[in-house]
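In what follows, every chain begins at residue 1, and chains take the letters A, B, ... in the order their sequences are listed. Because only heavy atoms are used, hydrogens play no part in the values below, and waters and symmetry mates are left out as well, while side chains stay in.
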Number of protein chains: 2
Amino acid sequence: MNSLSIPPAHLRDTLSRQAYFRGWDAGVLSRLAMGASQFSVGKDMPVLARGDVPEHLYLVVSGQVRLFIPLANGMERIVSLVMPGEGFGEVALLLGASLPYGVAACRDSHIIMVNARTYLAELSGAPALLEHTLRLVARQHQATLLDMEICSQPSSLLRVVRFLMNQRPCAEVDDGYEITLPGRKRDIAAKLGLTQETFSRMLSFLGQQGVIAMQGGAIRIGDGSKLRLMDASICAKEMQRA
Amino acid sequence: MNSLSIPPAHLRDTLSRQAYFRGWDAGVLSRLAMGASQFSVGKDMPVLARGDVPEHLYLVVSGQVRLFIPLANGMERIVSLVMPGEGFGEVALLLGASLPYGVAACRDSHIIMVNARTYLAELSGAPALLEHTLRLVARQHQATLLDMEICSQPSSLLRVVRFLMNQRPCAEVDDGYEITLPGRKRDIAAKLGLTQETFSRMLSFLGQQGVIAMQGGAIRIGDGSKLRLMDASICAKEMQRA
DNA sequence: CGGCGTTTTGAGGCGCATCAACCTGAGTGG
DNA sequence: CCACTCAGGTTGATGCGCCTCAAAACGCCG
């Protein structure tokens, strides 16, 4: 976790390029950049521990960061994979609460941290920003519930199928579509509440059933209806058991 | 789900008594009451299905309501138990999205629904309300993550122990404390990601270990440190396995 | 006291985690 | 250009824990 010293003007430009701040006022960004600083983290190095009270808003500039809940057996349940341009920590800041998750890098990453007081000051009384942030947090909440839906399912195969269905890009090519896993398989597995072994087994099963085709980190879904069929068939099987 | 016809003035008074609207302006409440209506739901009757696009903000006046994710085997994973004075549906309204959970009554309940357009109109451009709502949603998000932490734990006993630890009231009596389960055991179990059988077994185990004492729906925790000890011991056991 | 909803207790099977070994591909240095 | 290394992924064998199913016990209200 090496902190880099970067001039505020450059920081402001970097901030303005983050998707997180799309549509934000330039003046606001300048002021945010004043109390901001950038640092780098090596792969799998910790950034924040669960229970820390954050004093910054965090933005992932490059690399990838995971928010995770530490489990009793030493493993992690990944709550969110944060991609470049995205941020984390607002919710805890808004409540003045401690982080409900730990933070670590999935790979070598660059992160900017923005002073909390500055951030909160800009927010308070600014309807546009408040509305923007409200929607942001609402989206995060919805996403978390979607994750919960997946990893509450009783069958591990079903979890993988549902995950793949959710990964469909908006634009679907006529002969199916291709997705790139948003991270290492171990991290995806941890997000689905599975071990990487089970995840791997389910993927190869789907492969030999002809539902998907794996080629490295990319997965081809030749026909989306096969996935839906598989989904329905698993649900039917689970229902008759109960 | 019988809708009752109640005069707006009375509705306004009822709204103002809900904890949800604590601190809200009287004028705002009057306007919200205009497009509001009240209805009653019988125990275990559905209110909304997962995927519905809600057109109202919902407030539980009496009874208890559960927000749940339907599982493939016909069971439910309860996301939240909504008590009188609390509400639900804001997040989906704010995003114009469909509900990520189904809604049903845990017992005979009275619910008020407030017209979405009215609600959103009041909110937009009102910094105080926006800030209030932002914090509300942030709290909900934190609560969801806390639930996720519990029900991601690998041991069912640990989940129950963690749940009990989270139930501690702020004021702790010197000779321990007593908690009342916030709902039926089956519902609590569904919130912890357990079957009611497993939940029952874990509770009786904790009982015969002297960690807790059950008397109907109430649970005495003679000594909180015993719970923490049990927690630590389970974690140690899980760690050594891995 | 009788009825129902809820919880408890018991027996059994299966799925996933666990552990361990092997495979693959990318990066490195001689 | 190949030998080596290491991280990430795959595959196989085993055991335990929780879900499932079934039935009895409890608590509550009429």
- Query: Want to settle it: does B/Q240 or B/L203 sit nearer the 5' end of DNA chain C, counting the closest nucleotide to each?
  - Reply: B/L203

- Message: Judged by each residue's nearest nucleotide on DNA chain C, which is more toward the 5′ side, A/S155 or B/R186?
- Response: B/R186

Just the rounded figure in Å: distance from [atom2] of [N] to [atom1] of [X].
| X | N | atom1 | atom2 | result |
| --- | --- | --- | --- | --- |
| B/F199 | D/dT20 | CZ | P | 17 Å |
| A/Q208 | D/dT10 | CD | P | 13 Å |
| A/R184 | C/dA26 | CZ | P | 17 Å |
| A/L192 | C/dA17 | CG | C1' | 16 Å |
| B/M214 | D/dG27 | CE | C1' | 14 Å |
| A/Q215 | C/dT24 | CD | P | 17 Å |
| A/L194 | D/dT10 | CG | P | 13 Å |
| A/E238 | D/dC19 | CD | P | 12 Å |

Taking only nitrogen or oxygen atoms into account, show me every contact under 3.5 Å that the protein makes with nucleotides 9-14 of chain C, one pair per line with its distance.
from   : atom 1 : to     : atom 2 : distance (Å)
C/dT9  : OP2    : B/S204 : OG     : 3.4
C/dG10 : N7     : B/R201 : NH1    : 3.0
C/dG10 : O6     : B/R201 : NH2    : 3.3

- Query: Any donor-acceptor pair under 3.5 Å linking the side chain of B/S109 with the backbone of B/Q64?
  - Reply: yes

- Task: Verify, without hydrogens or angle tests, whether A/D108 (side chain) and A/K43 (backbone) share a donor-acceptor contact under 3.5 angstrom.
- Result: yes

- Is the number of heavy atoms from other residues, nucleotides or ligands under 6.0 Å of A/M45 CE greater than 12? no

- Item | Flag side-chain contact, heavy atom, 4.5 Å: B/L145 against B/E149 | no

- Hey, what's the ring geometry for B/Y58 with B/F88, parallel, tilted or perpendicular (30° and 60° as the breaks)? parallel

- Item | Residues from residues 70-79 of chain A lying under 4.0 Å of DNA chain C - heavy atoms | A/N73, A/M75

- From the list A/R66, A/R50, A/K191, A/R186, salt bridge (Lys or Arg N to Asp or Glu O under 4.0 Å) partner of A/E76 resolves to A/R66

- Note on the structure: Interatomic distance, OG@B/S152 vs CZ@B/R162, rounded to 0.5 Å, equals 11.0 Å

- Query: How long is the gap from CG on B/L194 to CZ on B/R159, to the nearest 0.5 Å?
  - Reply: 5.0 Å

- Query: Which heavy-atom pair separates A/V60 from A/M83 by the least distance, and what is that distance?
  - Reply: CB-O, 3.8 Å

- Message: Given D/dT10, D/dC18, C/dC16, identify the nucleotide with an atom nearest to the side chain of A/S156.
- Response: C/dC16

- OP1, OP2 of D/dA7 versus side-chain N and O of A/K43: anything below 4.0 Å? no

- If you look at every strand shown and take non-hydrogen atoms under 4.0 Å, does B/G193 touch a base, only sugar-phosphate, or nothing? sugar-phosphate

